[in-house]
Amino acid sequence: MPVEGGKTDMERIGLFSEMEYITVGDKYVSQFNRPFNEAASKNRQMLPGGSKEMSNLQAGYFDPHFARIFEGESYVNPNQVRRRYMMEEAKKNLSKAFLPSSGEKKPCGLGSYYGTIGGPVPFFSAQSKPKDKYEPPGKNLYTNPGKKGTGYGYANITIGKQFPHSSDLYDAAKLNNKKENEEHHRLLKGTAFKLNLYPREYFDTNPYLSDKPLPPIKKAEKKETVGNPFKPSSPGKKAGGMKAGTFDPYPSHSADPYVVKLKSPSSKSAKVFHPPSGPKSRPVESIMALNVKRALNTKNYKTASVQSY
């Protein structure tokens, strides 16, 4: 059972469940006289023959003897077999053997038709063809030579006829406008129509407009003021234990008698606080036990001696 405020036995060990006891009731066997690997000396053991290395000997193969493919077969002459096959194929011919024509003829130079099937082609002949007698074409049309000039200031050089000269008054546009204006005033029956409701800036007369001249502007007299002499600010105050260097003054002392405040009794029963369990630990073997196990192995367990410390 755990003590008040402590851990249980399982939490101290650090395991989730209690370990099983598998050696309860077994006879005690000494570690020094106990045989090592007793099953290796009983019954039949597997004795491998070792790994085989690749070589040209029969030991490098799985079979004990070399198995030949054509062992026990009769000797066959390949030339004789070939001749028999040719004789059987020759019996299948209905007539004499086919004799191919003579080989191809090789040309003896560039442009030669020797060895071709159709011979020379007349269309590619290098000889000149007969031509008709040349008749020169007729004469071209005779026209007048081109007229010189750019067209500006030169007469009779265009395709059409020259434009006739027509006189033009100097102020013809001004005179025509004057005539049109007089004709317009002649057609008017009265004066121009004027509307009395013409928009104005104000409904009444302008209150800010006055015919009287404004009085002269009075200039305010400036009085010469003599400024106070410059006085630098006082240096910063240093803290001397009397709050002289603070912004606020020293607070006034208030009498506060020392009274022990009692805690208010709670209705619930006070329970002892148990912190949560931390990481669980596991049983660790000592360094001495590890050294003993390392000193006692499969090779020296028969001759090992107990050392006392």
Side-chain angles (χ1 to χ4, degrees), residues 54-56 60-61 67-71 73-202:
M54 187 176 181
S55 64
N56 294 330
Y61 299 92
R68 300 181 180 275
I69 302 176
F70 302 103
E71 188 175 359
E73 294 185 0
S74 61
Y75 176 74
V76 178
N77 190 357
N79 294 331
Q80 187 179 4
V81 174
R82 191 183 307 109
R83 288 170 185 170
R84 289 178 182 176
Y85 175 75
M86 293 173 61
M87 292 173 63
E88 292 177 0
E89 292 294 329
K91 292 178 182 180
K92 298 179 182 179
N93 295 333
L94 301 178
S95 60
K96 296 181 179 180
F98 174 74
L99 298 176
S101 61
S102 58
E104 60 180 4
K105 299 178 180 179
K106 298 182 180 180
C108 60
L110 297 176
S112 175
Y113 293 96
Y114 178 77
T116 57
I117 299 175
V121 182
F123 298 100
F124 297 107
S125 177
Q127 297 180 0
S128 59
K129 298 179 181 179
K131 299 181 181 179
D132 298 337
K133 187 178 180 180
Y134 175 74
E135 295 181 359
K139 296 182 179 181
N140 295 329
L141 297 176
Y142 289 99
T143 58
N144 291 332
K147 298 179 180 180
K148 298 179 180 180
T150 59
Y152 299 97
Y154 292 87
N156 299 325
I157 60 172
T158 56
I159 299 176
K161 296 182 179 180
Q162 190 71 18
F163 292 101
H165 174 70
S166 59
S167 60
D168 189 8
L169 298 177
Y170 180 73
D171 292 336
K174 186 176 181 180
L175 296 175
N176 293 335
N177 190 12
K178 185 178 180 180
K179 290 180 180 179
E180 291 177 359
N181 195 9
E182 291 176 354
E183 181 66 18
H184 173 68
H185 284 83
R186 188 182 65 81
L187 296 175
L188 293 177
K189 296 181 179 180
T191 58
F193 176 74
K194 294 182 180 181
L195 185 63
N196 293 331
L197 299 177
Y198 184 76
R200 298 179 181 180
E201 296 180 358
Y202 306 97

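Just so you know, these numbers use all the heavy atoms, side chains as well, and skip hydrogens, waters and symmetry mates. Keep in mind that this is a model prediction, so the values were computed, not measured.
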Return the set of residues passing side-chain hydrogen bond (donor to acceptor under 3.5 Å, both in side chains) with [X] (not counting sequence neighbours), or none when no residue passes.
X	answer
Asn93	none
Gln127	none
His185	Asn181

| Taking only residues at least two apart or on different chains, which pairs with a member in residues 126-141 satisfy salt bridge (Lys or Arg N to Asp or Glu O under 4.0 Å)? |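 As it turns out, there is no salt bridge (Lys or Arg N to Asp or Glu O under 4.0 Å) pair with a partner in residues 126-141 once direct neighbours are skipped.
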Quick one: side chains of residues 171-179, donor-acceptor pairs under 3.5 Å with protein atoms, not counting sequence neighbours, listed by atom name and distance.
residue: Asn176; atom: ND2; partner: Ala172; partner atom: O; Å: 3.1

| field | Residue pair Lys92, Glu89: steps toward the salt bridge (Lys or Arg N to Asp or Glu O under 4.0 Å) verdict | value | CA-CA 5 Å; Lys92 298 179 182 179; Glu89 292 294 329; 3.5 Å; yes
Please list, chain by chain and in numerical order, all residues satisfying salt bridge (charged side-chain N to carboxylate O under 4.0 Å, His left out) with [X], sequence neighbours excluded.
X	value
Glu180	none
Glu182	none
Lys96	none

| Set of residues satisfying side-chain contact (heavy atoms from CB on, under 4.5 Å) with respect to Tyr134, sequence neighbours excluded |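 For Tyr134 the side-chain contact (heavy atoms from CB on, under 4.5 Å) partners, ignoring immediate neighbours, are Pro136, Pro137.
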| query | Can you list every side chain to side chain donor-acceptor pair (under 3.5 Å) pair that touches residues 75-84, not counting sequence neighbours? | reply |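 For residues 75-84, and leaving out neighbouring residues, the side chain to side chain donor-acceptor pair (under 3.5 Å) pairs sorted by first residue read Asn79-Arg82.
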